[in-house]
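None of these values were measured; they are calculated from a predicted model.
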Amino acid sequence: MIIEPKYKGGILLTAHPEGCKKLVEKQIKYVKNNKSYNGAKKALIIGASSGYGLATRISLAFGGSKTDTIGISYENGPRGKRTGTAGWYNNIFFKEAAEKEGLKAKNFVGDAFSLEMKDEVIKYIKEEFGKVDLVIYSLASGRRKDPIDGETYISALKSTTGDIVGPTVDLKNDTLIQQTMENATEEDIKATVKVMGGEDWELWIKALLEADVLEKGARTFAYTYIGPKITYGIYKDGTIGAAKRHLEKTAKELNKILKEKLSGEAAVSSNKALVTKASAYIPIFPVYATLLFKVMKEKGTHEGCIEQTHRLFLDMIYGDNPIIDKEGRYRPDNLEMEEDVQDKVNELWKQINENNFKEISDYAGFKKDFLQLGGFEVEGIDYSKDIDLETYAKLIP
Ligand code: NAD
Ligand code: NA
């Protein structure tokens, strides 16, 4: 089968296994050629198959202390004409590379929000893996079944300050179009907090503590985004911002508990805006990203997932130069937030229109990153080659 990128709006529907493999290898190579740090011995990464979670796993295993990892994700393998999801392949190729170096790399594919998943992972830690000293919470999901009330909550990417009209990129037609982010209902806000807030992170940490599978000094981090003023309407003051505030509140509560019980730590890390499966889907956000990339690439400070994540662990979490704000948040987004960067982004934001967006923004870079989420547009891959999905279907994550 010849696999081509198929996408609808900001969602990729196909994935190319060879491209995914190459990109996992590229990230591994990046951290191997970089400075390393004295990091976790055994880590649990919730949301490990793509974006920030995958970069975290790679940095820890190949650029840290050769960390053994457990990765949880929600992905699908190939079936019939369906290619399977990129994260499915990322799990497989990460594991292959880690095991080759003698590391433990266990994948759990299923619903991290469920109690069954928590039980299964805890059982594995107790019986085979050993206590963990780092837990990373990097989930991004559109829905969550609350295991306690049994209800399914659907998160919404909406505003709370009235309808917002703004530009967005039409990736199919390579045009700039206007998009409306609608105003949220109370119900939308509540549901988004349920899905993307800290409730599930808290359930995980409490379950791990209860089962006594956290090492003394264990630390846990969840990823958030704060972003500059220009994105407040769609992010910080939107439904997702409400959820992230809940996540931050949870971090403070968990920090108290972990400190007291294990001399451990819980915090959020505010990461840079990047193209991932989750962020490509946020209305209007892509245009901000195309302008940010342009400015940061010109300044020489642009980072992708692996560069950003590796710096977070190397300099901050396991390093001597943490940037922590007065709210206790780690701030690897410091380069995105620099004043001159944001001034330029603001200037370009005022100018951008359907005629000039390809010149004044890094639309090309953004689109390439987007296609690479599915393993497309990767150098050295022959996309005209027939891919035997049945062979790939036999690989076990
Ligand atoms: P992503 O879509 O690449 O990763 C999400 C991960 O969650 C995947 O591994 C996916 O399989 C997993 N997942 C989703 N639902 C699941 C479920 N029910 N059970 C198990 N696994 C499930 O997204 P990302 O951008 O890497 O997001 C990770 C975190 O980083 C989020 O909290 C996000 O808000 C934050 N963040 C993202 C950006 C950005 O610009 N992309 C910036 C700062 C912070
Ligand atoms: Na992730």
Side-chain angles (χ1 to χ4, degrees), residues 8-11 44-53 72-76 85 87 108-121 135-164 180-208 220-227 231-254 266 268 270-271 276-285:
K8 203 175 149 197
I11 304 170
L44 167 63
I45 298 132
I46 305 164
S49 59
S50 60
Y52 275 118
I72 308 175
S73 60
Y74 194 91
E75 304 290 348
N76 294 304
T85 54
F108 286 89
V109 182
D111 184 11
F113 295 130
S114 70
L115 297 179
E116 291 80 4
M117 178 63 84
K118 293 174 179 75
D119 288 345
E120 251 184 82
V121 170
V135 180
I136 297 294
Y137 196 79
S138 187
L139 275 195
S141 176
R143 57 168 62 226
R144 169 175 171 235
K145 183 173 174 196
D146 180 335
I148 292 154
D149 70 16
E151 229 181 282
T152 296
Y153 295 90
I154 313 278
S155 72
L157 289 165
K158 291 189 182 172
S159 150
T160 65
T161 50
D163 287 4
I164 295 176
T180 304
M181 181 184 254
E182 283 169 43
N183 197 43
T185 62
E186 279 303 317
E187 199 72 354
D188 288 330
I189 300 170
K190 190 182 152 211
T192 309
V193 171
K194 269 285 192 182
V195 179
M196 288 297 286
E199 199 172 270
D200 181 60
W201 183 27
E202 183 176 339
L203 287 174
W204 266 106
I205 298 302
K206 288 190 170 163
L208 295 165
T220 184
F221 296 89
Y223 294 146
T224 190
Y225 181 69
I226 298 170
T231 62
Y232 280 5
I234 56 169
Y235 202 97
K236 189 164 172 273
D237 296 336
T239 48
I240 182 74
K244 293 298 191 185
R245 274 189 295 284
H246 186 272
L247 190 75
E248 287 181 24
K249 201 179 97 210
T250 306
K252 288 185 178 154
E253 289 163 12
L254 292 178
V268 298
S270 179
N271 298 350
T276 63
K277 205 162 105 183
S279 70
Y281 192 62
I282 306 174
I284 309 168
F285 194 73

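Across every non-hydrogen atom of Ser49 and Glu75, the tightest pair is OG-OE2, 2.5 Å. In this structure, Gly197 and Leu247 approach most closely via the heavy-atom pair O-CD1, 3.8 Å. Pairing each heavy atom of Pro147 with each of Leu203, the nearest pair is CG-CD1, 4.3 Å. For the pair Ser159 and Thr161, the tightest heavy-atom approach, listed with the atom from each and the gap, is OG-N, 2.9 Å. Scanning both residues, Ala184 and Ile189, for their nearest heavy atoms gives CB-CG1, 4.0 Å. Contact between Ser73 and Ala48 at its shortest, heavy atoms only, is CB-N, 4.4 Å.
More than 12 heavy-atom neighbours from other residues, nucleotides or ligands sit within 6.0 angstrom of CD on Glu151. In this structure, Tyr232 places its OH atom where more than 12 heavy-atom neighbours from other residues, nucleotides or ligands lie under 6.0 Å away.
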Residues Ile234, Leu157; criterion side chain to side chain contact (heavy atoms under 4.5 Å, CB included); working and verdict: CA-CA 8 Å; Ile234 56 169; Leu157 289 165; over 6 Å; no

Evaluation steps, side chain to side chain contact (heavy atoms under 4.5 Å, CB included), between Leu254 and Tyr137: CA-CA 13 Å; Leu254 292 178; Tyr137 196 79; over 6 Å; no

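The structure places OH of Tyr225 at 10.5 Å from CG of Asn271, a figure rounded to the nearest 0.5 Å. In this structure, OH in Tyr235 is found 5.5 Å from CD1 in Ile282, a value given to the nearest 0.5 Å. In this structure, Ile136 CD1 and Leu44 CG are separated by 9.0 Å, a value rounded to the nearest 0.5 Å. A distance of 9.0 Å separates CD1 of Ile154 from OG of Ser141, quoted to the nearest 0.5 Å. Separation of atoms CD1 (Ile226) and CD (Glu248) is listed at 5.5 Å; rounding is to 0.5 Å. For the atom pair NZ of Lys236 and OG1 of Thr224, the computed distance is 11.0 Å after rounding to the nearest 0.5 Å.
Paired with Lys158 under the rule salt bridge (charged side-chain N to carboxylate O under 4.0 Å, His left out), one option of Asp188, Asp237, Asp163 passes, and it is Asp188. Asp200 pairs in a salt bridge (charged side-chain N to carboxylate O under 4.0 Å, His left out) with only one of the listed residues (Lys206, Arg143, Lys118, Lys194), which is Lys118.
A donor-acceptor pair is defined here as one N or O able to donate and one able to accept, closer than 3.5 Å; no such pair exists between the side chain of Thr180 and the backbone of Glu182. Checked by atom type and distance alone, the side chain of Thr85 pairs as donor or acceptor with a backbone atom of Asn76 at under 3.5 Å. When atom types are taken as modelled, the side chain of Thr192 and the backbone of Ile240 share no donor-acceptor pair closer than 3.5 angstrom. A donor-acceptor pair is defined here as one N or O able to donate and one able to accept, closer than 3.5 Å; such a pair exists between the side chain of Ser138 and the backbone of Gly53. Side chain of Arg144 to backbone of Ala191: no donor-acceptor contact under 3.5 angstrom is found.
Glu202 and Thr250 share no donor-acceptor pair across their side chains, judged by distance under 3.5 Å alone. Using a 3.5 Å distance cut-off with no hydrogens or angles, the side chains of Thr220 and Trp201 do pair a donor with an acceptor.
Inter-residue side-chain proximity for Val135 and Trp204 is flagged as unmet; no heavy-atom pair is nearer than 4.5 Å.
Taking the six-membered ring where the residue is Trp, the centroids of Phe113 and Tyr153 are separated by 6.0 Å or more.
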